[in-house]
Amino acid sequence: MTAMTFPALLQRFFTDRLCTQMEASRHTVASYRDTFRLLIRFAGAQCGKPPTKLEIEDLDAELIADFLVHVETARGNAARSRNTRLAAIRSFFRYVAMSDPAWLLHCQRILAMPSKRYVKRTVTFLDAREIAALLAGPDRTTWPGRRDHALLLVALQTGLRASELVGLRCGDVVLGTGAHIRCTGKGRKERCTPLRRDTAKLLQVWIGDRRDSAEPLFPSIRGDRLSRDALEHLVRKHCLTASRACPSLAAKRVTPHTLRHSTAMELLHHGVDQAVIALWLGHESVETTQIYIHADMRMKEKALARVAAPATSTNRFRPDDQLLAFLERL
């Protein structure tokens, strides 16, 4: 039996494993594609071979380790991005181990490579004053300003992810009694998020007479769906405008995900249970919501206020004559 070549295994990994067996999302496939595009380019340069001539033995643990260092140093990626690349490579070599057991030891060495630890910083979020300043940023006398205001309001009230926001269609908004927004989120899970009355009224005006339910809820000027880059750009633009009225915004790096964090913190400050917040945001586990408790200084300050100070006297130190005489001799 002839052993399968690296190009054949890689093609089967994408067509059979990811697309057929796992039915991976297009985002997962794109992420894996980008990883192997970088890896093949790096391996070809290191081995002096064109991509079609690379073999499995060329991609050993040493080369993978060098590639991960290259990702961090030459490309300037953080540890999280490095771990994401490693996860894609591990997935491929697990498939190789099952498809061609002759490479079991080779695959085992690569699968044993550990993920890199990184500093887990507290989340950045906006307080009520900063949220009000950001919502006042867009110029609502223009069509793009009205769109941006509606988009920011929906983002801050629902806590949708960036991909969920740009993917919304007019048919995903249900108005009237029990107004809510339907979306398909991470892991292709569908969920509904209720809308406040003011948000529902604003969306009703924004949608207006549009009858096509498949039309993007927040279209670009050309009428097609906003890209994630366009969403990040408009958030930065209006954050810059809002920073003139609220200087504290200038010290924060505000992204679309920051708006999601702000939603979670608002719910937490109003006493909403962690399980409900996880359900609201579409988290896989309640444990994911723990990051907001770590970032909530109000909760820590309330806990500190309940702790009584120790009843110890704070007498002033009075040196004796012997110590004073010693200090005078110095």
Side-chain angles (χ1 to χ4, degrees), residues 77-84 87 115-137 151-166 181 183 185-187 189 191 193-196 199 228 231-309:
N77 292 157
R80 284 189 177 185
S81 299
R82 179 255 191 205
N83 291 343
T84 301
S115 297
K116 192 170 187 177
R117 294 193 175 191
Y118 54 89
V119 177
K120 296 181 180 179
R121 305 186 187 280
T122 56
V123 297
T124 301
F125 63 95
L126 307 182
D127 57 29
R129 190 169 59 90
E130 292 167 339
I131 289 174
L134 181 60
L135 290 175
L151 188 151
L152 292 172
L153 182 63
V154 169
L156 287 163
Q157 199 249 283
T158 61
L160 296 181
R161 298 179 179 91
S163 58
E164 296 166 351
L165 273 173
V166 299
I181 282 182
C183 73
K186 196 174 181 180
K189 297 190 294 289
R191 74 178 190 276
T193 306
L195 296 172
R196 294 195 306 259
T199 308
R228 292 187 61 165
L231 176 62
E232 292 181 5
H233 172 72
L234 72 87
V235 170
R236 285 197 303 269
K237 180 179 70 173
H238 296 305
C239 185
L240 180 62
T241 303
S243 65
R244 298 167 191 163
C246 184
S248 61
L249 279 170
K252 295 184 177 180
R253 183 177 177 270
V254 182
T255 66
H257 212 70
T258 306
L259 308 185
R260 178 173 167 84
H261 292 325
S262 304
T263 303
M265 295 303 293
E266 281 292 305
L267 293 172
L268 189 64
H269 289 161
H270 285 83
V272 179
D273 186 74
Q274 280 183 252
V276 179
I277 297 175
L279 181 66
W280 188 287
L281 298 179
H283 285 161
E284 185 71 25
S285 170
V286 180
E287 294 179 3
T288 311
T289 318
Q290 294 285 344
I291 59 173
Y292 302 114
I293 296 178
H294 291 298
D296 187 11
M297 285 300 296
R298 295 187 194 178
M299 187 176 295
K300 296 175 183 176
E301 288 169 354
K302 288 180 181 178
L304 181 63
R306 295 178 181 178
V307 178

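This one's a predicted model, so the numbers in the text were calculated from it and none came from an experiment.
A donor-acceptor pair is defined here as one N or O able to donate and one able to accept, closer than 3.5 Å; no such pair exists between the side chain of R260 and the backbone of L160. Under a 3.5 Å cut-off, the side chain of Q157 and the backbone N or O of R196 do form a donor-acceptor pair. Listed for the N77 side chain is no donor-acceptor partner under 3.5 Å among the backbone atoms of R82. Looking only at distances, no side-chain donor or acceptor of R253 sits under 3.5 Å from a matching main-chain atom of T124. With hydrogens and angles disregarded, no donor-acceptor distance shorter than 3.5 Å links the side chain of S115 to the backbone of N83.
Going from atom NE2 of H233 over to atom NE2 of H238 covers 8.5 Å, rounded to the nearest 0.5 Å. Atom CG of L231 is separated from atom CG of L259 by 8.0 Å, given to the nearest 0.5 angstrom. Note that CZ of R191 is 10.5 Å distant from CD1 of I181, once rounded to the nearest 0.5 Å. One distance of note links OH of Y292 with OG1 of T263; it measures 8.5 Å at 0.5 Å rounding. How far CG of D127 is from CE of M265: 10.5 Å, rounded to the nearest 0.5 Å. Atom OG1 of T158 sits about 8.0 Å away from atom CD of E164, to the nearest 0.5 Å.
At a threshold of 4.0 Å, the pair K186-E284 does not count as salt-bridged, since none of the basic side-chain nitrogens sits closer than that to a carboxylate oxygen.
Applying side-chain contact (heavy atoms from CB on, under 4.5 Å) to S243 and the options V254, L249, L134 leaves one that passes, L249.
In this structure, E130 and C246 approach most closely via the heavy-atom pair CG-SG, 3.5 Å. Smallest separation of non-hydrogen atoms from V235 and T255: CG1-C, 4.1 Å. What you find for G137 and T241 is that their closest heavy atoms are O-CG2, 4.0 Å. For the residue pair S163 and R228, the shortest heavy atom distance occurs at CB-NH1, 4.4 Å. The heavy-atom pair separating S285 from A278 by the smallest distance is O-CB, 4.2 Å. Between V272 and I277, the shortest heavy-atom distance links the atoms O-CD1, 3.7 Å.
No more than 12 heavy atoms of other residues, nucleotides or ligands lie within 6.0 Å of NZ in K120, so this atom counts as exposed by the packing criterion. Counting non-hydrogen atoms of other residues, nucleotides and ligands closer than 6.0 Å to NZ of K252 gives a total above 12.
With a 4.5 Å cut-off on side-chain heavy atoms, Q274 and Q290 count as touching. Counting heavy atoms from C-beta outward, R129 and S248 have side chains that approach closer than 4.5 Å. In this structure, V286 and H283 have side chains that are not in contact, with every pair of non-hydrogen atoms separated by 4.5 Å or more.
S81 and T84 share no donor-acceptor pair across their side chains, judged by distance under 3.5 Å alone.
Ring geometry for H269 versus F125: interplanar angle over 60°, hence perpendicular rather than tilted (30 to 60°).
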